[in-house]
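Beneath this line is the structure, given in structure tokens, with notes to follow.
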Protein chains: 2
Amino acid sequence: MAKNQPKLEADLADATIHIRDHCLCLHAQRAARALARRFDDALRPHGITSGQFSLLNVLNRREPVAMGPVAKFLAMDRSTLTANLKPLERQGLVSIEVDPEDRRSRKLLITTEGRKVLRAAVGVWKHEHAALESEIGVDPEPLRAGLRAIA
Amino acid sequence: MAKNQPKLEADLADATIHIRDHCLCLHAQRAARALARRFDDALRPHGITSGQFSLLNVLNRREPVAMGPVAKFLAMDRSTLTANLKPLERQGLVSIEVDPEDRRSRKLLITTEGRKVLRAAVGVWKHEHAALESEIGVDPEPLRAGLRAIA
DNA sequence: CGGATATGTTTTGATATCAATATAATATTA
DNA sequence: TAATATTATATTGATATCAAAACATATCCG
């Protein structure tokens, strides 16, 4: 009985080492944090974060979009999208309007000012993303494919 | 002059479509969110989140570790680690002690109770991670390699 | 020894994230 | 048409995330 505990501990130690090395959830969180920090830094001069850049980018369409599809595309909870829109609306980069066709729904639009910020930020993205791809030293395509398969 | 604006708009539209499809930061955030939700769900019966699981897992060592190396391993800001330890400490799963060798430093330790929760959670992880790898339908190795190269 | 510098952690304030719940409006159906 | 169900978003409360600044302790060097 008392002899059993050390064996369980050793098994657990083996498992945790395996998990540290192989857990895709852990590896994805680490990469996501590192990339967010990197692009946050690069975009800081333009007053937006990496997440806000992605959101502005998605909203840059001819026709306004509702929240549901945007949240789904970003693989994000709808309530998170609600929260994320607030600073952008406050800065005047997006506008949120009740859909007259269905008054439960909101139409999301990038503003002229938002497009101006986005245009400048795209320049930063191009530079930074090219640097990233060259730095990682692996073919980015299978990586993108894997990430797409997960989300 | 007036003719210039439509061209800029069209160029921006092309760029934003390219970014939606290719941005590794965006793809990583989406995958990270989807995986966190999935493992949060699976681990909920054990009272911990996916991030807390990863942290407990890292702390499951014979010798206590300082915060710096843990934050670095998790690719996370030190202040984020400080915040993440609080709920775990409150639940009695980890303990934080001043390092007598260097009183600026803290030693992090998983408790017996923490190890008990971890042991149960590892079972969930094995089941869920195997399901994930079979679902994504791509070789997980290049994906892991890419994520490792980023973080 | 003692001031300047470096290192390790915490605090603060802003944004991000989710689940659960609430609110509002549309759609269905009895 | 009225009650019920469904859909779309917002609110609340907890955790997560980071940068900047504050704090505490240690080290360096004059």
Side-chain angles (χ1 to χ4, degrees), chain A residues 25-26 28-45 47-55 64-72 74-91 93 96-108, chain B residues 25-26 28-45 47-55 64-72 74-91 93 96-108:
Chain A
C25 186
L26 169 58
Q29 308 304 321
R30 294 202 305 186
R33 284 190 285 256
L35 289 175
R37 270 196 305 275
R38 176 176 188 149
F39 283 87
D40 282 355
D41 271 356
L43 292 169
R44 189 160 298 121
I48 57 173
T49 66
S50 59
Q52 293 170 342
F53 172 73
S54 292
L55 180 46
V65 220
M67 296 186 59
V70 173
K72 188 164 192 179
L74 295 174
M76 142 191 314
D77 195 275
R78 284 148 183 253
S79 64
T80 303
L81 179 56
T82 298
N84 290 359
L85 286 166
K86 287 187 178 174
L88 292 177
E89 193 184 23
R90 180 155 27 81
Q91 292 177 250
L93 307 184
I96 306 172
E97 296 172 10
V98 172
D99 180 354
E101 307 285 308
D102 179 346
R103 309 221 323 271
R104 291 169 302 185
S105 180
R106 304 285 181 271
K107 291 296 196 186
L108 307 179
Chain B
C25 186
L26 169 58
Q29 308 304 321
R30 294 204 304 188
R33 283 190 287 256
L35 289 175
R37 270 196 305 274
R38 178 178 186 146
F39 283 87
D40 282 355
D41 272 356
L43 292 169
R44 190 161 297 120
I48 57 173
T49 65
S50 58
Q52 292 170 342
F53 172 72
S54 292
L55 181 45
V65 221
M67 295 187 60
V70 174
K72 189 164 190 178
L74 295 173
M76 142 190 316
D77 194 275
R78 284 147 183 248
S79 65
T80 303
L81 178 56
T82 297
N84 291 359
L85 286 167
K86 287 186 179 174
L88 292 177
E89 193 184 23
R90 181 156 25 81
Q91 292 176 249
L93 307 184
I96 306 172
E97 297 172 9
V98 172
D99 181 355
E101 307 286 309
D102 180 344
R103 310 224 319 275
R104 293 169 301 182
S105 180
R106 305 284 181 269
K107 291 297 195 184
L108 307 180

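Protein chains get the first letters and strands the later ones, always in sequence-line order, with residue 1 at the start of each.
Leu88(A) has its CG atom 12 Å from the C1' atom of dA16(C), to the nearest Å. Atom P of nucleotide dA14(D) and atom CZ of Arg44(B) are separated by 16 Å, given to the nearest angstrom. Spacing between atom CD of Gln29(B) and atom C1' of dC18(D) amounts to 13 Å, rounded to whole angstrom units.
Among the atoms of the strands shown, none is found under 4.0 Å from any heavy atom of Gly51(B). Nucleic acid contact class of Ser79(A) (heavy atoms, under 4.0 Å, all strands): base. Heavy atoms of Arg78(B) sit under 4.0 angstrom from at least one base atom. Within the 4.0 angstrom heavy-atom criterion, only backbone atoms of the sugar-phosphate kind lie near Asp102(B); the bases stay farther away. Residue contacts for Ser105(A): at a heavy-atom cut-off of 4.0 Å it reaches the sugar-phosphate backbone alone, with no base atom in range. At the heavy-atom level, Ala66(A) lies under 4.0 Å from the strands shown only through sugar-phosphate atoms.
The pair Asp40(A)-Arg37(A) does not meet the salt-bridge criterion, since no charged nitrogen lies less than 4.0 angstrom from a carboxylate oxygen. We find that Arg44(A) and Asp41(A) are joined by a salt bridge, their nearest charged nitrogen and carboxylate oxygen being less than 4.0 Å apart.
Look at Arg106(A) and you won't find any side-chain N or O under 4.0 angstrom from OP1 or OP2 of dT9(D). One finds no side-chain N or O of Lys72(B) lying less than 4.0 angstrom from the OP1 or OP2 phosphate oxygen of dG8(C).
Checked by distance alone, Arg104(B) brings no side-chain donor or acceptor within 3.5 Å of a matching partner on the base of dT9(C).
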